[in-house]
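Taking it in order: structure first as structure tokens, then the write-up.
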Amino acid sequence: MENNTIVLKPSLTLKKWQRILIEVGFALLAFLLPFFLLVGLFASCGFSPFVKNGLTLISFDMKSEYIAYFRYFQELLKGGDWIYTEGKVFGGDFLSIYTFYLASPFNLFMGLVSKEAIPDFILITTILKMSFAGLNFYLLCRFTQHKIAFSHYAFAVGYALVSYSFIYLSNYMWIDGVMILPLMVLGLNLLKESKVCYLYSISFAYSLISSWYIGFMTCVFSVFYFMYLFFSDANSFKEKMPFFLRYVIYSLIGGFLGAICWLTAFLHFSGTKATQSFPKFDFGSLSMLLTGFLENNYMTTGNITQYFGYASMFTGMVSLVFFLRSFFNPGIKVRERISYGVLFFFYCLCILSTTLNALMHGGREPTWFPARFSYILGFLVCYFASKECEHRETSSNISSLVALLVPAVVLPIVVFTKNSNRFEPDSINAPYLYYSISWPSFIVYYLTAILSSLYPFLKRYPFGKKYEKWILSSVSLALVPLSCFSAYRGGKQVVSTDVKQNQFVSQEEYLEDDALTPVFEMMKGYNTQDCYRMEATFDRPNSYNETNNNPMFYGYNGLNHY
């Protein structure tokens with residue numbers, strides 16, 4: 001298939017409706033592969049609704065904060081004021097909470113389920129978001145490479161199951177940013193060609209509307225990705241100026257479309273969450289960065305309590321092998337390889353540097369869940385790996401050698417040096433300061449490295465030249481189950497760790513908390529004139545900190561109170 005035309009035989013070209021059906025079928029598979037992997041993963045870990053009275057995604061901040069907002073928002077969907085709420089002390093605006101936590105379009109369907117089913121709703125929609133991430137990545141590969149290839153599925157599954165998304169499961173609203181990133185990059189590629197320019201603006205706006213905080217990181221990446229496209233283009237500056245102007249114009253359009261959410265929220269949080277507080281200049285551990293790309297990078301919840309540095313962007317060993325190979329493929333222009341190498345290195349530096357890390361978070365270090373932009377590194381690994389597959393006919397023996405030798409350099413670093421400079425050896429996290437090798441992952445890596453080296457080796461012989469297409473197709477097809485297996489293991493390792501450390505609230509616990517709602521309503525009925533604190537209107541199950549359900553603890557800055 002070349003140039004968007006599917007040809008089965010030289011004498012038989014498919015009709016338009018047949019091409020559409022084939023395109024839809026291949027795209028649907030890109031959604032279904034991660035979907036069934038995720039369903040199997042959560043079912044095997046004992047989650048409801050796949051297991052009766054199973055676990056829910058209510059964990060970390062979700063169980064002390066977000067779940068209350070979901071319940072309140074559900075009431076508003078049935079009739080209420082989205083702008084003003086009495087759920088705050090003395091009342092106040094609701095837009096700040098809505099735009100920061102609840103603005104994902106998926107949440108609009110929350111009104112269709114009961115309060116008891118909200119945890120199941122959260123899990124199902126999370127699975128859908130991650131599956132759409134795989135579909136969107138497939139579309140990016142399909143329409144930038146102008147062909148259908150089995151290898152697209154390998155990288156789409158890797159990105160859909162990026163370990164970042166599993167670690168941030170409790171931050172339900174952030175997964176939208178992971179989902180929309182491939183479409184925004186596709187929009188930028190089309191924008192360069194002056195095609196379907198509105199796709200970029202729509203995806204840009206969606207990233208800001210669904211979660212303006214993660215949207216900010218995604219939009220910052222659009223600037224750097226634009227620079228990569230601009231400088232990797234060998235045309236003169238004058239010839240590239242129309243692309244620059246289109247980028248500025250359509251970025252402004254996207255920003256204006258999303259302004260109703262991000263601008264309102266930013267003003268509401270000014271002086272609290274939107275303040276700047278730059279940390280002391282420091283660098284994190286190199287081992288910490290490298291383990292972020294490997295399977296066993298998340299062994300304890302203590303990792304995510306560091307103030308900076310820790311990151312997780314494992315997308316499976318298949319994408320990692322092809323990503324490494326891409327830097328030595330002569331079929332990819334040197335200018336392009338240098339450009340995306342600089343882009344990748346810059347984001348690695350942002351993980352390591354306290355100052356750059358704070359800048360990428362809007363000007364202050366997060367106190368929990370560091371490196372919240374690390375999904376971008378996972379995306380870059382998958383995306384540039386797909387470029388290696390696109391140019392695999394020109395793949396060299398040098399790239400094969402590099403892929404085979406890199407573990408000999410990386411593994412000694414991650415095994416024998418600490419992956420954190422924040423924990424002392426006698427701390428509770430001491431057992432996890434050194435990386436533990438995943439042997440199944442190690443085997444998948446070398447199987448992929450050998451498979452990817454078959455064609456560069458065989459093309460020197462008549463057999464390889466004669467059966468070139470058969471060899472390339474067979475290798476591409478073999479990559480899909482390897483990618484599914486490797487990415488699945490990475491995701492399950494994260495979820496299993498949190499299950500073992502009792503981070504998830506069970507469905508039974510949630511329903512016990514839900515049963516207290518009539519008691520609150522009865523108490524409020526005794527005196528309808530009083531103003532009630534948040535605990536009177538928000539049900540927060542299993543509060544684990546000392547906030548005592550006090551909304552003032554979070555320092556929300558409303559339009560008419562504070």
Residue pair [X] / [Y], side-chain donor-acceptor N/O under 3.5 Å:
X	Y	result
Glu388	Ser395	yes
Tyr206	Asp176	yes
Ser287	Tyr434	no
Ser441	Arg489	no

May I ask you to decide if the ring planes of [X] and [Y] are parallel, tilted or perpendicular, using 30° and 60° as cut-offs?
X	Y	result
Phe504	Phe47	perpendicular
Tyr164	Tyr375	tilted
Phe369	Tyr168	tilted
Phe224	Phe346	tilted
Phe230	Phe226	tilted

Close side-chain approach of Cys382 and Phe137, heavy atoms under 4.5 Å: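 Yes, side chains in contact.
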
Taking the side chain as every heavy atom from C-beta outward, state whether Met217 and Arg372 have any pair of such atoms under 4.5 Å apart. yes

[atom2] on [Y] to [atom1] on [X], rounded to 0.5 Å:
X	Y	atom1	atom2	result
Gln493	Asp498	CD	CG	9.5 Å
Asn419	Leu290	CG	CG	10.5 Å
Lys333	Ser339	NZ	OG	11.5 Å
Asn297	Thr497	CG	OG1	9.5 Å

Any residue meeting salt bridge (charged side-chain N to carboxylate O under 4.0 Å, His left out) with Glu336, in chain and number order, not counting sequence neighbours: Lys387

Would you say the ring centers of [X] and [Y] fall short of 6.0 Å from each other?
X	Y	answer
Phe31	Phe132	yes
Phe344	Phe323	yes
Phe442	Tyr446	yes
Tyr101	Phe70	no
Tyr153	Tyr138	yes
Tyr213	Trp174	yes

So does Leu349 have more than 12 non-hydrogen atoms from other groups sitting under 6.0 Å from CG? yes

Just wondering, more than 12 heavy atoms not from Met299 lying within 6.0 Å of its CE? yes

Stepwise salt bridge (charged side-chain N to carboxylate O under 4.0 Å, His left out) check, Arg335 with Asp233: CA-CA 8 Å; Arg335 190 185 188 104; Asp233 191 338; over 6 Å; no

